[in-house]
There are 2 protein chains.
Amino acid sequence: MDNTETPPADMCSLREVLDLVGDKWAIRVLVQLGGGPRRFSELERALDGVSRRMLSLTLRGLERNGLVTRKVYPEVPPRVEYTMTAHAAELDEPLHALSAWAAKHREKVGAARRAYDA
Amino acid sequence: MDNTETPPADMCSLREVLDLVGDKWAIRVLVQLGGGPRRFSELERALDGVSRRMLSLTLRGLERNGLVTRKVYPEVPPRVEYTMTAHAAELDEPLHALSAWAAKHREKVGAARRAYDA
DNA sequence: CTGGATCCCAAGAGATACTG
DNA sequence: CAGTATCTCTTGGGATCCAG
């Protein structure tokens with residue numbers, strides 16, 4: 001066997017991660033929560049352009065999958081804080097690796113795109 | 001400053017990567033191409049469930065962004081081979097990191113989901 | 001303040017048919 | 001073989017209004 005195959009990336013796992021954080025706002029929320037617990041309205045302001053509806057849906061999803069915990073303070077006016085879970089925090093490194101790749105190859109991608117469009 | 005902030009993950013870069021490979025089929029195509037050049041029909045068979053249309057659109061996108069090159073052999077019947085570019089190959093490691101995270105925390109995610117749904 | 005409910009539009013994606 | 005063109009259905013997501 002002289003093939004040069006890369007050990008097959010685990011498609012199943014890859015899909016699972018994207019299903020968890022591949023949507024429009026999930027990663028941005030996690031990045032915010034990486035800086036510590038945040039209230040709903042704080043997130044709303046920090047994530048420029050997000051609608052209440054989408055923020056809510058995104059947080060529900062993250063909570064459902066155990067990436068975020070929701071803590072309600074029985075006060076008036078109501079206060080709710082969202083916090084990253086421990087294993088969500090472990091996503092930080094893989095995410096940085098992706099981020100680094102993008103930063104490194106940004107120019108090449110841009111050039112390829114311009115060339116293709118011409 | 002005693003804050004415990006993680007160095008802010010680069011949101012911009014993160015978004016760029018997801019725009020490149022965050023759609024339904026792109027990553028699967030890249031995983032296939034990681035095993036060497038593939039023909040259109042080979043990909044079509046390997047990616048179970050993909051439609052011709054989506055495979056075509058996905059390949060166009062990857063090609064446009066310089067992640068894949070398209071080589072046409074002037075034969076009859078026609079033959080076309082798709083190949084990963086060098087910098088697309090560098091995505092392999094970050095992707096593996098994500099994949100590893102998913103594999104490691106699969107149970108926790110599943111449990112969280114079952115708990116939430118109950 | 002925190003969000004759920006509803007309406008509506010636009011993008012995503014499957015099925016089918018046709019062409020170089 | 002390797003696609004493109006339509007057509008249609010589904011899903012994502014914004015706007016707005018209502019409620020605990």
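In what follows, chains are A, B, ... by sequence order, proteins preceding strands, each numbered from 1.
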Exercise. Name the closest nucleotide to the A:M54 side chain, picking from D:dC1, D:dG3, D:dG14.
Key: D:dG14
Quiz item: Is there any ring-ring contact (aromatic ring centres under 6.0 Å, His included) pair reaching into residues 46-93 of chain B, and which pairs are they, with sequence neighbours excluded?
Solution: A:H105-B:H87
Exercise. Please assess B:V68 against B:R70 for the test side chain to side chain contact (heavy atoms under 4.5 Å, CB included), listing each intermediate value before the final yes or no.
Key: CA-CA 7 Å; B:V68 155; B:R70 180 170 178 271; 5.6 Å; no
Self-check item: Gap between atoms CZ and C1', on B:R45 and D:dC1 respectively (whole Å)
Solution: 11 Å
Quiz prompt | Spacing between A:R53 atom CZ and D:dG14 atom C1', to the nearest angstrom | solution = 8 Å
Self-check item: Separation of D:dG20 C1' from A:E75 CD (nearest whole Å)
Solution: 15 Å
Practice problem: Kindly say if A:S51 contacts the phosphate of D:dA15, meaning a side-chain N or O under 4.0 Å from OP1 or OP2. | Solution: no
Quiz item: Atom NZ of B:K71 and atom C1' of D:dA2: how far apart are they, to the nearest Å?
Solution: 17 Å
Quiz item: More 5' along DNA chain C: A:P78 or A:L57, using each one's nearest nucleotide?
Solution: A:P78
Quiz item: Roughly how many Å is it from CZ in B:R52 to P in D:dC1, rounded to a whole number?
Solution: 9 Å
Quiz item: First contact, last contact: which nucleotides of DNA chain C are these for chain A, 5' to 3', heavy-atom distance under 4.0 Å?
Solution: C:dC1 to C:dT6
Quiz item: Do A:L18 and B:K24 come within less than 4.5 Å of each other through their side chains, counting heavy atoms only?
Solution: no
Exercise. Report yes if some heavy atom in the side chain of A:L33 is under 4.5 Å from a heavy atom in the side chain of A:L43; otherwise report no.
Key: yes
Exercise. Would you indicate what A:Y73 reaches in the nucleic acid, counting non-hydrogen atoms under 4.0 angstrom: base, sugar-phosphate, or nothing?
Key: nothing
Exercise. Before giving the answer on side chain to side chain contact (heavy atoms under 4.5 Å, CB included), spell out for B:L98 and A:L95 the whole-Å C-alpha distance, their side-chain angles and the decisive distance to 0.1 Å.
Key: CA-CA 8 Å; B:L98 274 185; A:L95 254 26; 4.0 Å; yes
Quiz prompt | B:L59 vs A:D23, nearer the 5' end of DNA chain D by closest nucleotide | solution = B:L59
Quiz item: Just by modelled atom types, is the A:G66 backbone N or O under 3.5 Å from a matching donor or acceptor in the A:T85 side chain?
Solution: yes
Quiz prompt | d(CD, B:E63; P, D:dA2) in whole Å | solution = 15 Å
Self-check item: Shared hydrophobic cluster for A:Y116 and B:L67 (ILVMFWY, side-chain gaps under 4.5 Å)
Solution: no
Quiz item: Rounded to the nearest Å, what distance is computed from the CG atom of residue A:L55 to the P atom of nucleotide D:dA15?
Solution: 14 Å
Practice problem: Mind calculating the distance between CG (A:L47) and P (D:dG13) to the nearest angstrom? | Solution: 13 Å
